[in-house]
Amino acid sequence: MASENNVEISIVVPLLNEVENLPELYDRLHDALSKLKRTYEIIFIDDGSIDNSFCILKEIASVDVNVQIIRFRRNFGQTAAMSAGFDHSQGSVIIPIDADLQNDPNDIEMLLNKIEEGYDIVSGWRANRKDGFVLRRLPSILANRLIVWLTGVKLHDFGCTLKAYRRDVIENIRLYGELHRFIPVLGKLIGAKITEIKVNHYPRTRGQSKYGISRAMRVILDLIMIRFLMSYSTRPIQIFGLMGILSFCAGFVISAYLSVGKLFFPGGKKEGWLSYFFSETSLNERMPMLILSVLLLFTGVQLISIGLIGELVIRTYHESQSKPIYVIREIIKH
Ligand code: UDP
Ligand code: MG
């Protein structure tokens, strides 16, 4: 399992103003990791703290060679902090953990054992979550159900930071916005083998939580984006084009109907069986149909154009980074 420089486990700790928690967190991480008898590193990412967190971290790093600190210039958010930790990590297994002591460092061992069984992602599930019900657990339960339903990734707790990832999964994932909660979904997109285990959870006893209920809305928006990525990110013309063609055809049928009525059955002329469909209707009654048909025609053209622009964007995305549209597990040659 060891990578080049022989670091087996990278612990990634994003933190913002957690000065009261850091000494105990470090002690507990140190104890839990020493017991494992493996090589490890702990990467603390100071996400723009304005308390004394950085000084405490420097003291810790000065006595422990396994500790690294990354200090941001300002607060960039938990996703960015985790991402920086991943980018600077060297371990073959990467395990992020919250700095507020809500997660239990002793659970790391269980996560590792599961990874060794052959999983690429082992997700922590705070089965006994110790946070308020109305503002925390309830929105979280609903969000988790929605994510399972829309993505097909069957986990109970996407929001738990404590998860273990095999290095190559993380290397193939780019995080934006607040996407750290969706790493298992992004993992599934590249074919990762995913499981979950129950982990401990404790109430926050020191420091402030950094999130309010507005997080729910942001999760929903990210979910819409992820759902889109999952189904059509490599072929936008297929979804926008299809909707565009349907809209255009509907608009065309209605406008054809109105034109035929106007040209061949003026004033509701009664001649032949077709006239049945073109009975006299006043201009007022035709007006809404006319507006609808114009709207549908325009929308159709717009959607097809968006699909075509999407195709250009996708090509730029893949070609500018030489990013293939597939992910290889291994290649075997003679
Ligand atoms: N955090 C961070 N940057 C932020 C917000 C939070 O690094 O902008 C860290 C925070 O210090 C903690 C972890 O992310 O270590 C989880 O945050 P928090 O405990 O506030 O979230 P909750 O447990 O309330 O969901
Ligand atoms: Mg917390």
Side-chain angles (χ1 to χ4, degrees), residues 10-29 32 42-57 60 67-89 94-105 107-108 123-144 147 155-163 165 175-183 199-220 222:
S10 295
I11 306 294
V12 170
V13 192
L15 65 108
L16 173 64
N17 300 332
E18 302 285 2
V19 69
E20 297 109 315
N21 292 312
L22 289 176
E24 187 180 340
L25 172 75
Y26 169 70
D27 288 342
R28 289 179 47 191
L29 274 174
I42 306 176
I43 306 177
F44 289 101
I45 304 93
D46 179 359
D47 183 14
S49 297
I50 47 169
D51 64 3
N52 231 2
S53 296
F54 183 66
C55 294
I56 305 276
L57 291 176
I60 296 172
V67 171
Q68 276 183 52
I69 316 168
I70 296 171
R71 186 187 193 187
F72 280 178
R73 283 200 177 271
R74 65 164 172 85
N75 176 240
F76 283 92
Q78 192 182 343
T79 300
M82 285 170 67
S83 198
F86 295 159
D87 291 344
H88 290 83
S89 69
I94 302 174
I95 304 183
I97 186 167
D98 279 349
D100 56 359
L101 295 168
Q102 291 200 265
N103 299 131
D104 185 352
D107 286 332
I108 290 172
S123 174
W125 167 18
R126 299 164 293 181
N128 220 332
R129 187 168 168 188
K130 299 291 191 314
D131 279 322
F133 184 73
V134 178
L135 290 181
R136 298 261 152 164
R137 273 159 45 217
L138 183 65
S140 156
I141 291 168
L142 297 177
N144 282 313
I147 298 172
L155 296 179
H156 286 88
D157 191 0
F158 288 87
C160 178
T161 308
L162 183 61
K163 300 184 194 300
Y165 308 102
L175 295 178
Y176 298 95
E178 306 224 347
L179 285 192
H180 66 271
R181 299 185 191 88
F182 291 94
I183 298 175
V199 294
N200 291 318
H201 193 245
Y202 304 96
R204 192 190 250 277
T205 51
R206 283 166 286 189
Q208 297 269 314
S209 169
K210 311 298 179 300
Y211 299 103
I213 186 72
S214 67
R215 159 162 67 184
M217 205 55 223
R218 294 201 298 259
V219 170
I220 302 286
D222 279 338

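In each ligand, atom 1 is the first atom listed, and ligand 1 is the first ligand listed. We number each residue from 1, following the sequence as shown.
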Task: Sub-3.5 Å N/O-N/O distance, Ser209 and ligand 1 - done: yes

TODO: Looking only at distances, please establish whether an N/O atom of ligand 1 is found under 3.5 Å from an N/O atom of Ala81.
DONE: no

TODO: Might you work through the side chain to side chain donor-acceptor pair (under 3.5 Å) test for Asp46 and Ser53, ending with a clear yes or no?
DONE: CA-CA 8 Å; Asp46 179 359; Ser53 296; 5.6 Å; no

Open item on the list: According to side-chain hydrogen bond (donor to acceptor under 3.5 Å, both in side chains), who are the partners of Lys210, at least two apart in sequence or on a separate chain?
Closed with: Glu18

- [ ] Identify, with sequence neighbours excluded, every residue that meets side-chain hydrogen bond (donor to acceptor under 3.5 Å, both in side chains) alongside Asn17.
- [x] none

Open item on the list: Just to verify, what does Phe72 make a ring-ring contact (aromatic ring centres under 6.0 Å, His included) with, not counting sequence neighbours?
Closed with: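 Here the qualifying residues are Phe76.
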
Open item on the list: Keeping to distances under 2.8 Å, can you name the protein N/O/S atoms close to the Mg ion (ligand 2)?
Closed with: Asp100 OD2, Gln102 OE1

Nearest heavy atoms of [X] and [Y], plus distance in Å:
X      : Y      : value
Arg126 : Asp157 : NE-OD2, 2.7 Å
Val13  : Ala99  : CG1-CB, 3.7 Å
Ile43  : Ser89  : CD1-CA, 3.6 Å

- [ ] Give the single entry among Asp100, Thr79, Asp47 that approaches atom 2 (C) of ligand 1 most closely by any heavy atom.
- [x] Asp47

TODO: Would you mind finding which of Arg136, Lys210, Arg129 brings a heavy atom closest to atom 24 (O) of ligand 1?
DONE: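 Heavy atom nearest to atom 24 (O) of ligand 1 belongs to Arg136.
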
Atom indices of ligand 1 within 4.0 angstrom of [X] heavy atoms, with elements:
X      : value
Leu15  : 7 (O), 11 (O)
Asp98  : 13 (C), 15 (O), 16 (C)
Glu18  : 10 (C), 11 (O), 12 (C), 15 (O)
Arg215 : 25 (O)

In terms of residue, atom name and distance, what is the protein heavy atom nearest to [atom]?
atom                    : result
atom 23 (O) of ligand 1 : Gln102 OE1, 2.9 Å
atom 8 (O) of ligand 1  : Asn75 ND2, 3.1 Å
atom 21 (O) of ligand 1 : Tyr211 CD1, 3.4 Å
atom 14 (O) of ligand 1 : Gln78 CD, 3.2 Å
atom 9 (C) of ligand 1  : Pro14 O, 3.6 Å

Open item on the list: In terms of relative ring orientation, are Phe86 and Tyr165 parallel, tilted or perpendicular, with 30° and 60° separating the classes?
Closed with: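 Judged by the thresholds at 30° and 60°, the geometry between Phe86 and Tyr165 is perpendicular.
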
Open item on the list: When you measure from the heavy atoms of Arg204 to every atom of ligand 1, does any distance fall below 4.0 Å?
Closed with: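 Heavy atoms of Arg204 do come under 4.0 Å of ligand 1.
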
Open item on the list: My understanding is that only one of Glu178, Met217, His180 makes a side chain to side chain contact (heavy atoms under 4.5 Å, CB included) with Asp222; could you say which?
Closed with: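 For Asp222, the side chain to side chain contact (heavy atoms under 4.5 Å, CB included) check succeeds only for Glu178.
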
Open item on the list: Does Ile213, at its CD1 atom, have more than 12 non-hydrogen atoms belonging to other residues, nucleotides or ligands within less than 6.0 Å?
Closed with: yes

- [ ] Would you sort out whether Asp104 and Arg28 count as a salt bridge (charged side-chain N to carboxylate O under 4.0 Å, His left out), showing the intermediate values?
- [x] CA-CA 8 Å; Asp104 185 352; Arg28 289 179 47 191; 3.7 Å; yes

Open item on the list: Any non-hydrogen side-chain atom of Thr161 less than 4.5 Å from a side-chain atom of Ile97?
Closed with: no

TODO: Any chance you could measure Ile183, atom CD1, to Thr79, atom OG1, to the nearest 0.5 Å?
DONE: 8.0 Å

